[in-house]
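First the structure, in the form of structure tokens, and then the observations on it.
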Amino acid sequence: MQPEWMAPWLWTLILAVVKTIVVIAFVSLNAAVLIWLERKVSGHMQNRVGPLRVGGPAGILQSVADIIKLLAKEDFVPQRGDRWIWWLAPSVAFAPAFLVFWVLPFGPHLVVEDFNVGLIFITAVTSFTLLSIFMAGWGSNDKYSLIGAMRAGAQLFSYEIPMAMALVAVALATGTLNLTAIVEKQRHMWLIVPQILAFLVFYISSVAELNRTPFDLAEAESELVAGYHTEYSGIRWSMFFFAEYTNLLTSSALAAILFLGGWHGPWLPGWAWLLIKTYLLVFVGMWIRWTLPRVRIDQLMDLGWKFLLPVSLVNIAATGLYLVVVR
Amino acid sequence: MPLYVDLVVFLLAGFTFPLVNVLLSKLVRRDYPDPLKEVSYESGIVPIGDARVRYHIHYYIFALVFLVFDVEGLFLFPWAVVFKQLNPAVAFGEAVVFIAMLVVGLVYAWKKKVLTWI
């Protein structure tokens with residue numbers, strides 16, 4: 001593959017850039033599809049038809065119209081805010097969502113880096129989303145934004161521990177933190193069967209991590225105008241949503257990899273199975289969003305500390321006991 | 001020693017992609033600046049005071065308990081990975097003791113009614 005005259009470092013760099021471009025194209029396409037899908041799903045759940053008149057089958061060109069509109073919108077910069085922090089927040093929101101693709105496998109060899117501690121890498125990187133919310137809230141110098149950012153902090157304290165404990169149970173059951181190896185362990189039985197509790201805890205926590213209803217307390221448009229992104233408009237605002245849709249995709253893909261057998265499935269190629277499972281979970285996420293009302297922040301903290309955390313600890317103990325007895 | 005070139009390129013791309021989009025939008029859009037548009041939003045009135053007042057963080061007790069359990073998770077991951085290579089009964093017993101000590105703390109905080117939104 002590598003031409004004779006080319007230095008090895010240059011070749012590595014070119015490969016890295018090509019991988020980046022492929023992932024950016026995939027992420028952009030995914031965001032465009034999800035914009036349309038979310039509007040369509042919400043429409044049908046509310047007994048409407050959703051976007052229809054823009055063009056294409058079932059109004060699929062709505063996404064193109066949305067993107068053009070967002071690009072052409074005027075950009076307001078709040079003068080009282082902390083300009084640099086405000087300016088960097090969309091980047092800090094997008095970078096962690098994007099970095100997850102570094103370790104996310106789409107097939108046995110279809111992965112950028114087969115990282116040995118991929119599971120820890122993903123939990124570590126996705127936590128940075130909170131930093132971007134806090135930067136946006138603080139940098140705006142707006143009361144609604146600041147309240148939204150403070151709530152996002154409370155939310156992180158509620159979901160992060162149960163999520164980590166659910167992943168400990170996964171690591172215990174499979175004995176590895178490498179995502180490819182975890183999928184290979186599920187060749188005969190999906191992990192959701194023995195680890196149904198871990199799956200439920202992980203899924204509820206990941207909805208909270210994504211800041212989507214019923215846990216969208218940081219935005220809460222009926223209480224806080226738009227929460228942490230009140231002061232963002234046009235393309236900068238859309239970058240937060242780009243990051244959110246990318247996070248929705250990656251967390252659904254992670255749930256499919258950890259619990260639903262990843263790329264294992266009959267007839268179709270592996271990546272197709274993984275995409276089917278991922279988008280099924282994305283649809284479930286939208287279903288939850290348009291069905292359940294928003295919880296209060298103290299209810300969320302009670303849910304995290306007094307229900308999900310004990311459940312996940314019991315699950316770890318049960319998994320360990322099972323391993324002791326079976327051996 | 002791997003250099004992780006991909007990681008660095010991914011990180012740079014993740015940071016610059018939103019900024020590139022903002023620049024791209026600058027070519028398309030037309031701004032009509034106005035001092036009134038740049039006032040921070042407060043439901044239509046002129047903002048009263050600064051947003052950065054002394055803010056009561058209602059959840060600082062949770063934050064303290066969170067730190068303890070976050071570190072616990074850090075210790076449990078390596079334990080979970082090597083579990084099958086250890087003597088299972090001993091490894092399990094040790095982890096149960098370790099978790100139980102933290103659970104006692106959690107139950108104590110719960111009974112003391114500090115795990116509430118104050």
Side-chain angles (χ1 to χ4, degrees), chain A residues 12-13 16-17 19-20 24 71-81 90-91 94-95 98-99 101-102 112-113 120 140-146 150 153-154 157 160-161 164-165 168 171-172 175-177 225 230-231 234-236 239 297-298 301 305-306 313 316-317 320-321 323-324 327, chain B residues 3-11 13-19 21-22 24-26 28-32 35 37-43 47 50-52 55 57-59 62-63 65-66 69-70 73 76-77 79-84 88-89 91-92 95-96 99 103 106 110 115-117:
Chain A
T12 318
L13 198 63
V17 170
K19 286 172 195 167
T20 311
I24 282 190
L71 270 174
K73 269 199 159 183
E74 196 174 339
D75 184 35
F76 304 130
V77 183
Q79 288 305 309
R80 297 199 310 166
S91 291
F94 182 68
F98 189 68
L99 265 184
F101 282 91
W102 187 57
V112 177
E113 173 79 37
I120 289 187
S140 300
N141 198 358
D142 177 296
K143 284 164 190 138
Y144 295 118
S145 305
L146 192 66
M150 289 294 182
F157 293 145
E160 186 83 359
I161 301 292
M165 292 302 158
V168 166
L172 192 57
T176 175
L177 294 172
V225 186
T230 305
E231 293 294 329
I235 192 73
R236 292 186 209 268
M239 280 303 118
I297 185 78
D298 58 323
M301 300 201 93
W305 285 100
K306 298 178 182 171
L313 287 178
I316 291 178
L321 201 60
L323 288 176
V324 171
R327 279 271 292 269
Chain B
L3 281 172
Y4 296 133
V5 179
D6 293 340
L7 180 64
V8 176
V9 174
F10 265 57
L11 191 60
F15 261 99
T16 47
F17 182 71
L19 304 177
N21 275 338
V22 171
L24 201 70
S25 139
K26 204 157 207 154
V28 180
R29 68 168 191 252
R30 185 181 282 179
D31 287 345
Y32 300 95
K37 286 179 184 172
E38 290 160 353
V39 174
S40 48
Y41 183 77
E42 213 163 296
S43 302
D50 201 81
R52 288 159 193 163
Y55 192 86
I57 298 179
H58 296 268
Y59 50 83
F62 284 96
V65 185
F66 171 83
F69 274 89
D70 215 23
L76 280 181
F77 270 109
W79 166 77
V81 171
V82 297
F83 186 82
K84 284 171 184 168
F92 180 68
V96 163
I99 295 175
V103 168
L106 181 69
W110 196 337
L115 288 188
T116 45
W117 183 263

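Since the structure is predicted, the reported quantities are computational estimates derived from the model, not experimental observations.
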**Q.** Interface moiety of Thr230(A) toward chain B, non-hydrogen atoms closer than 4.5 Å
**A.** side chain
Q. Any donor-acceptor pair under 3.5 Å linking the side chain of Glu231(A) with the backbone of Tyr41(B)?
A. yes
Q) So which of Val28(B), Val82(B), Ile99(B), Leu19(B) has the biggest tally of heavy-atom pairs under 4.5 Å with chain A? A) Leu19(B)
Q: Look at Leu172(A), Leu13(A), Ile24(A), Leu99(A) and state which one has the largest set of heavy-atom pairs under 4.5 Å with chain B.
A: Leu172(A)
Q | When Ala80(B), Gly73(B), Ala13(B) are compared by non-hydrogen pairs under 4.5 Å with chain A, the top option | A | Ala80(B)
Q | Closest non-hydrogen atom pair, Leu71(A) against Asn21(B) | A | CD2-O, 4.2 Å
Q | Atom group of Phe76(A) that falls short of 4.5 Å from chain B, counting heavy atoms | A | side chain
Q: Considering non-hydrogen atoms only, spot the tightest contact between Arg29(B) and Glu74(A) and give its length.
A: CD-CA, 4.2 Å
Q) Roughly how far, to the nearest 0.5 Å, is the OG1 atom of Thr20(A) from the CG atom of Leu11(B)? A) 10.5 Å
Q. Can you name the closest pair of heavy atoms from Phe83(B) and Gly320(A) and give their distance?
A. CZ-O, 4.0 Å
Q.
At a heavy-atom distance under 4.5 Å, which candidate from Asp70(B), Leu7(B), Val81(B) has the highest pair count against chain A?
A. Leu7(B)
**Q.** Per-residue contact mode, Lys73(A) against chain B (heavy atom under 4.5 angstrom)
**A.** backbone
Q. Nearest 0.5 Å, what's the CZ-CZ distance between Phe10(B) and Phe101(A)?
A. 9.0 Å
(Q) Looking only at heavy atoms and a cut-off of under 4.5 Å, which of Ile297(A), Val17(A), Ile316(A) has the most pairs with chain B? (A) Ile297(A)
Q. Looking only at heavy atoms, which two atoms of Ala317(A) and Phe92(B) are closest? And how far apart?
A. O-CE1, 3.3 Å
Q | Portion of Phe94(A) that has a non-hydrogen atom of chain B nearer than 4.5 angstrom | A | both
Q.
Return the CH2 to NZ distance between Trp110(B) and Lys306(A), rounded to the nearest 0.5 Å.
A. 6.0 Å
Q.
Counting only non-hydrogen atoms closer than 4.5 Å, does Met150(A) touch chain B with its backbone (N, CA, C, O), its side chain (CB onward), both, or neither?
A. both
Q: Report the option among Asp75(A), Leu177(A), Thr12(A) that has the most heavy-atom pairs separated by less than 4.5 Å from atoms of chain B.
A: Asp75(A)
Q. Closest heavy-atom contact between Phe77(B) and Ala164(A)?
A. CZ-O, 3.8 Å
Q: Measure the shortest side-chain to side-chain distance between Val9(B) and Trp102(A) over non-hydrogen atoms and say whether it is less than 4.5 angstrom.
A: no
Q) Between Val22(B) and chain A, which part of the residue has a heavy atom less than 4.5 Å away: side chain, backbone, both or neither? A) both
Q) Under a 4.5 Å heavy-atom cut-off, does chain B meet the side chain of Ile235(A), its backbone, both or neither? A) side chain
Q) If you count heavy-atom pairs under 4.5 Å between each of Val77(A), Leu146(A), Asp142(A) and chain B, which one has the most? A) Asp142(A)
**Q.** Val225(A), part contacting chain B, at a heavy-atom distance under 4.5 Å
**A.** side chain
(Q) Looking at every non-hydrogen atom in both residues, tell me the closest pair between Phe69(B) and Trp305(A) and how far apart they are. (A) CD1-CZ3, 4.0 Å
Q. Tell me, side chain or backbone of Leu321(A) under 4.5 Å from chain B's heavy atoms, or both, or neither?
A. both
